[in-house]
Amino acid sequence: YVDFFFEELLYVTVAELARSEQYVNPTYVISQFEALMPGSKAVVYNGQIVLITTRRSSQRISAEEIRAFSAYCKKESLFCGMSNPFRGVANLQKYYTQALRALELGTQNENLPALYPYANYAVSHILSQFCQKEDRDVFLHPAVKRLLEYDEKKNGNLTETLYQYLLWERNLVLTAQKMYLHRNTLSYRLNKIQELTQVD
């Protein structure tokens with residue numbers, strides 16, 4: 001219908017025009033979107049601009065393209081969500097919904113005009129699905145519960161220490177630097193964590 005040849009990979013990007021605080025000329029924005037994201041066609045659907053981008057597997061959308069697209073969205077006060085790459089036009093509806101979900105999750109934290117790629121919010125989406133059905137504490141490992149209880153009782157921060165230690169890939173020096181701690185203090189805390197959790 002749009003005289004468009006689909007490559008192996010597809011992406012859906014949705015711009016919600018109603019969120020914009022200023023007037024948006026859809027025709028102009030469509031031409032800009034298609035210029036910023038080669039291999040794209042856009043349509044106006046449901047008061048939204050829906051951009052379908054098609055790429056070869058070897059030529060996925062790059063981080064630079066995402067940054068440029070996001071910068072344009074900020075400049076023009078546009079709120080956009082982008083799906084993960086997928087195959088097959090039959091999956092378009094599913095990934096259109098994913099792009100909307102990315103926008104919803106992204107604007108929960110910071111309600112600013114930008115491009116919100118779903119890949120940045122996939123874990124949050126999974127967690128929100130779990131939390132709708134169960135209390136988050138249900139998913140906590142017993143050792144983590146013990147740490148949280150200890151921190152609450154002693155007004156400590158062993159849970160945060162463990163998080164930072166794992167975040168910095170169990171590197172004592174780097175973790176101590178990032179937490180502004182002496183290495184001996186960090187070692188003491190890690191020994192305390194091991195003692196409380198009985199986990200190496």
Side-chain angles (χ1 to χ4, degrees), residues 1-134 136 138-139 163 166-167:
Y1 178 71
V2 291
D3 188 25
F4 194 41
F5 174 74
F6 296 104
E7 295 281 4
E8 300 139 279
L9 291 181
L10 295 159
Y11 298 79
V12 178
T13 305
V14 179
E16 286 194 339
L17 302 180
R19 285 183 187 250
S20 184
E21 294 177 3
Q22 59 193 44
Y23 171 73
V24 176
N25 178 340
T27 308
Y28 174 75
V29 171
I30 285 171
S31 69
Q32 294 300 304
F33 277 2
E34 289 176 355
L36 281 165
M37 206 66 76
S40 297
K41 285 284 182 181
V43 293
V44 176
Y45 170 75
N46 249 8
Q48 303 161 334
I49 295 174
V50 179
L51 183 74
I52 301 167
T53 306
T54 180
R55 295 286 172 89
R56 292 193 191 109
S57 290
S58 60
Q59 295 176 324
R60 292 170 179 259
I61 292 177
S62 69
E64 282 180 22
E65 287 175 298
I66 289 174
R67 276 193 294 276
F69 200 97
S70 189
Y72 177 77
C73 291
K74 287 174 186 172
K75 182 179 146 215
E76 297 295 327
S77 289
L78 294 168
F79 292 80
C80 297
M82 177 186 275
S83 75
N84 280 343
F86 62 98
R87 295 174 192 277
V89 180
N91 291 316
L92 203 53
Q93 179 66 42
K94 188 189 322 182
Y95 287 88
Y96 163 78
T97 303
Q98 188 183 78
L100 290 174
R101 181 76 62 226
L103 183 54
E104 176 190 316
L105 291 165
T107 54
Q108 280 176 0
N109 295 332
E110 48 180 316
N111 194 21
L112 297 170
L115 173 65
Y116 297 97
Y118 180 79
N120 295 355
Y121 304 99
V123 174
S124 299
H125 185 207
I126 291 166
L127 289 174
S128 72
Q129 293 303 303
F130 278 128
C131 292
Q132 286 173 14
K133 296 175 179 63
E134 297 279 359
R136 71 176 173 85
V138 171
F139 301 103
Y163 171 74
L166 296 173
L167 182 68

*Please walk me through it: do Val29 and Glu76 pass side chain to side chain contact (heavy atoms under 4.5 Å, CB included)?*
CA-CA 9 Å; Val29 171; Glu76 297 295 327; 5.7 Å; no
*Going through the distances and angles, do Val12 and Phe86 end up as a side chain to side chain contact (heavy atoms under 4.5 Å, CB included)?*
CA-CA 9 Å; Val12 178; Phe86 62 98; 3.7 Å; yes
*Please assess Leu105 against Tyr116 for the test side chain to side chain contact (heavy atoms under 4.5 Å, CB included), listing each intermediate value before the final yes or no.*
CA-CA 8 Å; Leu105 291 165; Tyr116 297 97; over 6 Å; no
*For the pair Glu16 and Leu100, evaluate side chain to side chain contact (heavy atoms under 4.5 Å, CB included) and give the outcome as yes or no after the intermediate values.*
CA-CA 9 Å; Glu16 286 194 339; Leu100 290 174; 3.5 Å; yes
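Across all non-hydrogen atoms, the minimal contact from Tyr121 to Pro117 is CD1-O, 3.2 Å. Pairing each heavy atom of Val14 with each of Ala99, the nearest pair is CG2-CB, 3.8 Å. Of all heavy-atom pairs between Ala102 and Gly81, the closest is CB-CA, 4.4 Å. Summarising the geometry of Thr13 relative to Cys80, their closest heavy-atom pair is CG2-CB, 4.2 Å, with the distance given to 0.1 Å. Nearest heavy atom pair, residue Thr53 against residue Ser40, reads OG1-OG, 2.8 Å. Nearest heavy-atom pair across Ala42 and Glu34 is N-OE2, 2.9 Å.
No donor-acceptor distance shorter than 3.5 angstrom exists from the side chain of Arg19 to the backbone of Ser77, with no hydrogens or angles considered. A donor-acceptor contact shorter than 3.5 Å links the side chain of Glu65 to the backbone of Ser62.
Here the straight-line distance linking atom CE of Met37 with atom CZ of Arg55 works out to 6.5 Å at 0.5 Å rounding. Separating the OH atom in Tyr11 from the CG atom in Asn84 is a distance of 8.5 Å, to the nearest 0.5 Å. Atom-to-atom distance recorded for Phe69:CZ and Ile61:CD1 is 8.5 Å, nearest 0.5 angstrom. Of the inter-residue distances, the one linking Tyr23 atom OH with Leu17 atom CG reads 9.5 Å to the nearest 0.5 angstrom. Taking OH of Tyr72 as the start and CG of Leu78 as the end, the distance is 6.0 Å to the nearest 0.5 Å. If you take CG on Leu51 and CD1 on Ile30, they are separated by 9.0 Å, rounding to the nearest 0.5 Å.
Counting non-hydrogen atoms of other residues, nucleotides and ligands closer than 6.0 Å to CD of Glu21 gives a total of 12 or fewer.
Pairs of residues two or more places apart, or lying in two chains, that qualify as side chain to side chain donor-acceptor pair (under 3.5 Å) and include a residue from residues 89-101 are Gln48-Tyr96, Arg101-Glu104, Arg101-His125.
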